[in-house]
Asks: 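Just dropping this structure here.
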2 protein chains.
Amino acid sequence: MRLTTKGRYAVTAMLDLAFHSQIKPVTLTDIAARQTISLSYLEQLFARLRRAGMVKGVRGPGGGYKLCRKTSDINIADIIAAVNEPLDSTKCGGEANCQKDQACLTHDLWMGLSEQIRDYLKGISLADLLEKNQVQEVAIRQHHDAQQVIEIYRHPD
Amino acid sequence: MRLTTKGRYAVTAMLDLAFHSQIKPVTLTDIAARQTISLSYLEQLFARLRRAGMVKGVRGPGGGYKLCRKTSDINIADIIAAVNEPLDSTKCGGEANCQKDQACLTHDLWMGLSEQIRDYLKGISLADLLEKNQVQEVAIRQHHDAQQVIEIYRHPD
DNA sequence: ACTTAACCTAGCAAAATAGTCAACTATTGT
DNA sequence: ACAATAGTTGACTATTTTGCTAGGTTAAGT
């Protein structure tokens, strides 16, 4: 389990998607604008997320991306694993050069630790994160903004 | 909290140090040989660990490095944090450009998650990891002893 | 003095990260 | 049918991080 900014980008984008794709698909352009991530970088990340079966692309006007599963069925560990290269189990990938070595022992130790972190992140879903914090405040504000837009369009004078 | 191979190297080296520095300081050359990490890279890592007050260097012949604290008082999160750059809190470092933005909210969300991981790793000490290692060694030794016992009982003459 | 090993500095190659550009294909509203 | 939208792909570039090399200086034991 590797934790870098790449994983953070992926989780952030998925959070954005989860939040905004309730009604209709969300374009990467929108996510890029909201989260200040470059569009093309997002394309790369979402290509991996799509291959991992986490999101689905909808083409044509009104298209975009939407989640394949419920937010409660998508966990953080899977998102991060999807955008990262499958970490090669390093030097002692079961080979003979590292059987009775102490290097292999500490390696096992680290692998165990890594596994614990993965399990920990597997226990946190998108829904958990969405539930937290002042996300609702944003909902209210954005609803308000949307209302204003409606007002403007309603009275175009 | 960032999790990369760099942090793994640091934890591995600290484990080696904790395991071998019971009697006298351990040279980086020894650790480099045992853990197959380049000497100079270890020097870089230990420079940071030293500045973080986790290890102490002893110069001259018979010198090397030793831990500043008990293994039970050294946790994994601190080791990893010591060798990593202090991650700039990114774009919205409390500035005005990101106050009511949604980008800042998801950022907060990620920071919260990161904090959870840090707390989790803070709860794991070197002593904890060593204990596991010890258990394994004991298991191996006991297996070996058991074999000898079997031998003895097989040829009791 | 001489050796040992920490400590320091600069630099470098490979990899990962982050982002750009351009061409292409599929879908849909009009 | 056609134009607009939006996903898809691949190649390409810049920056940062990683892991390592090579060369020193400094402190402490023999």
Side-chain angles (χ1 to χ4, degrees), chain A residues 2-13 17 20-21 24-33 35-68 80-88 90-91, chain B residues 2-13 17 20-21 24-33 35-68 80-88 90-91:
Chain A
R2 233 158 80 248
L3 279 187
T4 62
T5 50
K6 196 175 190 174
R8 192 182 71 199
Y9 276 140
V11 172
T12 301
L17 182 56
H20 288 98
S21 68
K24 63 187 187 75
V26 176
T27 67
L28 292 190
T29 310
D30 286 351
I31 299 179
Q35 309 302 334
T36 56
I37 307 173
S38 92
L39 174 60
S40 305
Y41 197 41
L42 270 182
E43 283 174 347
Q44 284 182 37
L45 296 181
F46 272 78
R48 287 170 183 272
L49 291 170
R50 187 175 51 80
R51 280 194 287 270
M54 313 191 78
V55 297
K56 183 168 170 51
V58 179
R59 294 180 155 189
Y65 278 97
K66 56 180 186 176
L67 300 176
C68 279
I80 294 173
V83 296
N84 282 330
E85 304 299 321
L87 70 148
D88 53 337
T90 52
K91 298 153 188 170
Chain B
R2 231 157 83 249
L3 279 187
T4 62
T5 50
K6 195 175 192 175
R8 192 182 70 200
Y9 275 138
V11 173
T12 302
L17 182 56
H20 289 98
S21 69
K24 63 185 187 71
V26 177
T27 69
L28 292 190
T29 309
D30 286 352
I31 298 179
Q35 308 301 334
T36 54
I37 306 173
S38 91
L39 175 59
S40 304
Y41 196 42
L42 272 181
E43 282 177 346
Q44 282 182 37
L45 298 180
F46 273 78
R48 286 170 183 271
L49 291 170
R50 187 172 49 82
R51 282 195 284 271
M54 313 191 77
V55 297
K56 184 167 169 52
V58 180
R59 292 181 156 188
Y65 278 97
K66 56 181 186 177
L67 299 177
C68 280
I80 293 173
V83 296
N84 282 330
E85 305 298 324
L87 69 148
D88 53 337
T90 50
K91 299 152 189 170

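Letters A, B, ... mirror the listed sequences (proteins, then strands); counts begin at 1.
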Asks: Does a side-chain N or O of A:Y41 approach OP1 or OP2 of C:dA18 to a distance below 4.0 Å, or not?
Replies: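 Yes.
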
Asks: I need the CG-C1' distance between A:D30 and D:dG7, as an integer number of Å.
Replies: 14 Å

Asks: Please pick, from C:dA18, D:dA22, C:dT17, the nucleotide with the shortest atom-to-atom distance to any side-chain atom of A:Y9.
Replies: C:dA18

Asks: Classify the nucleic acid contact of B:T27 as base, sugar-phosphate or nothing, counting any heavy atom under 4.0 Å across all strands shown.
Replies: sugar-phosphate

Asks: Measuring to OP1 and OP2 of C:dT17, would you say a side-chain N or O of A:R2 lies under 4.0 angstrom away?
Replies: yes

Asks: Where do A:M54 and A:A82 come nearest, in terms of heavy atoms and distance?
Replies: SD-CB, 4.1 Å

Asks: Report which part of the nucleic acid B:L39 touches: base, sugar-phosphate, or nothing (heavy-atom distance under 4.0 Å, all strands).
Replies: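 Answer is nothing: B:L39 stays at 4.0 Å or more from every strand.
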
Asks: For A:V58 and for A:S38, locate the closest nucleotide of DNA chain C by heavy-atom distance; then report the residue assigned to the nucleotide nearer the 5' terminus.
Replies: A:S38

Asks: Send over the distance from A:L28 CG to C:dG19 C1', rounded to a whole Å.
Replies: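 After rounding, the gap between these two atoms is 14 Å.
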
Asks: From CZ of A:R51 over to P of D:dG7, roughly how many Å is that when rounded to an integer?
Replies: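 One finds 15 Å between P of D:dG7 and CZ of A:R51, rounded.
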
Asks: So, is B:R50 near the phosphate of C:dC7, with a side-chain N or O under 4.0 Å from OP1 or OP2?
Replies: yes

Asks: Taking N and O atoms by type only, does the side chain of B:Q44 place a donor or acceptor under 3.5 Å from a partner on the base of D:dG19?
Replies: no

Asks: Which heavy atom of A:A13 sits nearest to which heavy atom of A:L42, and what is that distance?
Replies: CB-CD2, 3.9 Å

Asks: What is the separation between atom CG on B:L45 and atom P on D:dC20, rounded to the nearest whole Å?
Replies: 10 Å

Asks: Between B:V83 and B:A10, which heavy-atom pair has the shortest distance, and what is it?
Replies: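 Answer, listing the atom of B:V83 first, then B:A10: CG1-CB, 3.6 Å.
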
Asks: Classify B:Y65 by what it touches in the nucleic acid, base, sugar-phosphate, or nothing, heavy-atom distance under 4.0 Å.
Replies: sugar-phosphate

Asks: Do the side-chain N or O atoms of B:T5 get closer than 4.0 angstrom to the phosphate oxygens (OP1, OP2) of D:dG19?
Replies: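 For D:dG19, OP1 or OP2 has a side-chain N or O of B:T5 closer than 4.0 Å.
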
Asks: Want to settle it: does A:F46 or B:G7 sit nearer the 5' end of DNA chain D, counting the closest nucleotide to each?
Replies: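 Nearer the 5' end of the strand: A:F46.
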
Asks: Rounded to the nearest angstrom, tell me the gap between atom CD in B:E43 and atom P in D:dT26.
Replies: 16 Å

Asks: With heavy atoms under 4.0 Å as the rule, sort B:T29 into base, sugar-phosphate or nothing.
Replies: nothing

Asks: For B:R2 and A:L3, which heavy atoms make the closest approach, and how far apart are they?
Replies: CG-O, 3.2 Å

Asks: Could you state the CG-C1' distance from B:L3 to D:dT18, rounded to the nearest angstrom?
Replies: 16 Å

Asks: Rounded to the nearest angstrom, tell me the gap between atom CZ in A:R59 and atom P in C:dT28.
Replies: 11 Å

Asks: Rounded to whole angstroms, how far apart are CZ on A:R48 and P on C:dA18?
Replies: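 About 12 Å, once rounded to whole Å.
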
Asks: Using the six-membered ring wherever Trp is involved, compare the ring planes of B:Y65 and B:F46 and label them parallel, tilted or perpendicular (cut-offs 30° and 60°).
Replies: tilted

